[in-house]
Participant: 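Next up is a structure, given as structure tokens.
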Amino acid sequence: DAKTTQPPSMDCAEGRAANLPCNHSTISGNEYVYWYRQIHSQGPQYIIHGLKNNETNEMASLIITEDRKSSTLILPHATLRDTAVYYCIVRVGQAGTALIFGKGTTLSVSS
Amino acid sequence: ETGVTQSPTHLIKTRGQQVTLRCSSQSGHNTVSWYQQALGQGPQFIFQYYREEENGRGNFPPRFSGLQFPNYSSELNVNALELDDSALYLCASSLGSGPQHFGDGTRLSIL
């Protein structure tokens, strides 16, 4: 079973920041937080991952709380193309381990 | 940089038949994972291959088998197809335990 809890759906206006929360209260010390998204009819797209520190790349920022029990994915300026299902996954950083997908959050960006 | 490519994109089979799906990993990646995604669900881990050997397996019966070749490409074979095998089959490649990058999948329909 997935070790994360996410809201089933969220709405965001185009141009505004989208903040997607994720709860992972049972995360272990050696587990990373990964974010993927899946646009209809495509494979999941890797967004970002982190262990303890906040991370930023060209797509998004990942904010992890100090106790690591929750995190937030931030899309700074959402566009219509960001409409997708967003998955938050915790995974041990070790070869052979799988990504365990939950139901994710469906983000709808509207103009 | 060439991403993950899968073939064919769509396939129709009948119950009891056998099917082979193919995946070319992203350049520089040495590990391949396979996932099954039923309609409306998140992807489920089938197995992972590293150095041409199975390196982790999910809760799938033995009629799901795979191969990895020296060039790191991979095949997923499913024998004795059942109606419930209808799904999107996703391949993901990675460099060791790094982030997995997905192809757009093969849509398999069983009649």
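Letters A, B, ... mirror the listed sequences (proteins, then strands); counts begin at 1.
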Participant: With ILVMFWY side chains joined below 4.5 Å, transitively, what does B/L39's cluster contain besides itself?
Facilitator: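 B/L39 clusters with nothing; isolated.
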
Participant: Would you mind reporting whether B/P43 and A/L99 have side-chain heavy atoms less than 4.5 Å apart?
Facilitator: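 Result no, sub-4.5 Å side-chain heavy-atom pair not found.
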
Participant: Hey, what donor-acceptor pairs show up under 3.5 Å between chain B and chain A?
Facilitator:
residue : atom : partner : partner atom : Å
B/Y35   : OH   : A/L99   : N            : 3.0
B/Q37   : OE1  : A/Q38   : NE2          : 2.8
B/Q37   : NE2  : A/Q38   : OE1          : 2.9
B/Q48   : OE1  : A/G96   : N            : 2.7
B/S97   : O    : A/R91   : NH1          : 3.2
B/Q100  : N    : A/Y36   : OH           : 3.1
B/Q100  : O    : A/Y36   : OH           : 2.7
B/D104  : OD1  : A/G43   : N            : 3.0

Participant: Would a single hydrophobic cluster contain both A/L62 and A/M10, if residues Ile, Leu, Val, Met, Phe, Trp and Tyr are joined by side-chain heavy-atom contacts under 4.5 Å?
Facilitator: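 Yes, A/M10 connects to A/L62 through the hydrophobic network.
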
Participant: Is there a path from B/F64 to B/L81 through hydrophobic residues (I, L, V, M, F, W, Y) whose side chains come within less than 4.5 Å of each other?
Facilitator: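 Per the 4.5 Å side-chain linkage, B/F64 and B/L81 are co-clustered.
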
Participant: Side-chain heavy atoms nearer than 4.5 Å, only ILVMFWY residues, links allowed to pass through others: does that put A/I48 and A/V85 together?
Facilitator: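 In one cluster with A/I48: A/V85, no.
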
Participant: Can you name the side chain to side chain contact (heavy atoms under 4.5 Å, CB included) partners of A/P76, sequence neighbours left out?
Facilitator: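 Once residues adjacent in sequence are excluded, A/P76 has no partner under the side chain to side chain contact (heavy atoms under 4.5 Å, CB included) criterion.
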
Participant: Check whether B/L88 and A/F101 end up in the same hydrophobic cluster, where Ile, Leu, Val, Met, Phe, Trp and Tyr are linked by side-chain heavy atoms less than 4.5 Å apart.
Facilitator: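 Yes; tracing contacts between hydrophobic side chains, which count when under 4.5 Å, links both residues.
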
Participant: Might you point out which heavy atoms bring B/L90 and A/P44 nearest each other, and give the distance in Å?
Facilitator: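 Between these two residues, the closest heavy atoms are CD1-CD, 3.8 Å.
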
Participant: With ILVMFWY side chains joined below 4.5 Å, transitively, what does A/I100's cluster contain besides itself?
Facilitator: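 ILVMFWY cluster around A/I100 holds nothing else.
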
